[in-house]
Q: 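Structure below; questions to follow.
Side chains included, hydrogens not; waters and symmetry mates left out as well; all remaining heavy atoms used. Quick caveat, the model's predicted, so the values are computed rather than measured. Nothing fancy with the numbering, it's 1 onward along the sequence.
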Amino acid sequence: MSLVDTVAYVVHLSFAGLWTGTVLFVTAGVLPLALRGEIRPEPLEYLTGRLTTVSRASAFFLFATGGHMAGQGYTLPLLLETPRGHLVLAMVALWFALAALVEVGAARMRSGLRAKKVRTPARDAKPFLQAGSAVAVGLLVVAGTLAGGLPF
């Protein structure tokens, strides 16, 4: 494995962990506070902005590094005809779903925060962030399966 490949794997895994961790933290740690009105709009707006920044940066770096890794290890037939290839394609689909869910959830949150509300934007964002958390866990499961080797 070359140095470039090693760097690609490290960056890929680092941003995957950062992205999934951020989504899970906001959903499990911040959203309940907002739903109860126990956080002011300003800190929630800041955290929502950080979530969006982490999501966009992670999507970019995962696309770049994942593209490099796929280009080094897969041909089109391997992607379309093997279990590992199917997992890689599933990961790409989940990646798009996570990016979309975070964007929609954050947009719902921001729209209400501009009016200095907390509970309503949190309620509006909740289903998208919860779905994003489920997708994030799914991504980690697929990544672990790929990294640990397939039993089939």
Q: Please check this pair: side chain of S55 against backbone of L51, looking for a donor-acceptor N/O pair closer than 3.5 Å.
A: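 No; judged by distance alone, with no hydrogens or angles, the pair does not exist.
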Q: Could you give me the CA-CA distance, side-chain angles and deciding distance for L35 and R119, then say whether side-chain contact (heavy atoms from CB on, under 4.5 Å) is met?
A: CA-CA 5 Å; L35 289 166; R119 288 184 182 109; 5.9 Å; no
Q: Would a 4.5 Å heavy-atom cut-off, applied to side chains only, mark V23 and V54 as touching?
A: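 The answer is no; the side chains never approach within 4.5 Å.
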Q: How long is the span from the OG1 atom in T20 to the CG atom in L24, to the nearest 0.5 Å?
A: 6.0 Å
Q: For M91 and L146, what are the C-alpha separation, side-chain angles and deciding distance, and is it a side-chain contact (heavy atoms from CB on, under 4.5 Å)?
A: CA-CA 10 Å; M91 184 171 276; L146 283 168; 4.1 Å; yes
Q: Can you tell me how far CG of L47 sits from CD1 of I39, rounded to the nearest 0.5 angstrom?
A: 5.5 Å
Q: Would you say that more than 12 heavy atoms from the other residues, nucleotides or ligands in this model lie under 6.0 Å from the CZ of F63, or not?
A: no
Q: Measure from the side-chain N and O atoms of H68 to the backbone N and O of A8, and report whether any donor-acceptor pair falls under 3.5 Å.
A: no
Q: Are L76 and L89 joined in one hydrophobic group, where the rule is that I, L, V, M, F, W and Y side chains link up if heavy atoms are under 4.5 Å apart?
A: yes
Q: Roughly how far, to the nearest 0.5 Å, is CG of D5 from CE of M69?
A: 9.5 Å
Q: Could you tell me the separation between the CG atom of L101 and the CG atom of L94, rounded to the nearest 0.5 Å?
A: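 These two atoms lie 10.0 Å from each other.
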Q: Working to the nearest 0.5 Å, report the span between NE2 of H86 and CG of L78.
A: 10.5 Å
Q: In residues 102-109, what donor-acceptor pairs under 3.5 Å come from side-chain atoms, sequence neighbours left out?
A:
| from | atom 1 | to | atom 2 | distance (Å) |
| --- | --- | --- | --- | --- |
| E103 | OE1 | R56 | NH2 | 2.9 |
| E103 | OE2 | R56 | NE | 2.8 |

Q: Consider only side-chain heavy atoms of I, L, V, M, F, W and Y, link residues closer than 4.5 Å, and tell whether L18 and L13 are in one cluster.
A: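 In one cluster: no.
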Q: Report yes if some heavy atom in the side chain of F61 is under 4.5 Å from a heavy atom in the side chain of W19; otherwise report no.
A: no
Q: Considering only distance and modelled atom types, tabulate donor-acceptor pairs under 3.5 Å from the side chains of residues 124-143, sequence neighbours left out.
A:
| from | atom 1 | to | atom 2 | distance (Å) |
| --- | --- | --- | --- | --- |
| S133 | OG | T27 | OG1 | 2.8 |
| S133 | OG | L129 | O | 3.1 |

Q: Is there a side-chain contact between R84 and Y74 in this structure, where contact means two heavy atoms from C-beta onward sitting under 4.5 Å apart?
A: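 A side-chain contact under 4.5 Å exists here.
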Q: Any side-chain heavy atom of L87 sitting closer than 4.5 Å to one from P83?
A: no
Q: Rounded to the nearest 0.5 Å, what's the gap from OG1 on T75 to CD on E81? Could you check?
A: 8.0 Å
Q: Applying salt bridge (charged side-chain N to carboxylate O under 4.0 Å, His left out), which residue pairs with at least one partner in residues 33-48 are found, sequence neighbours left out?
A: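 For residues 33-48: R36-E38, R40-E42, E42-K116.
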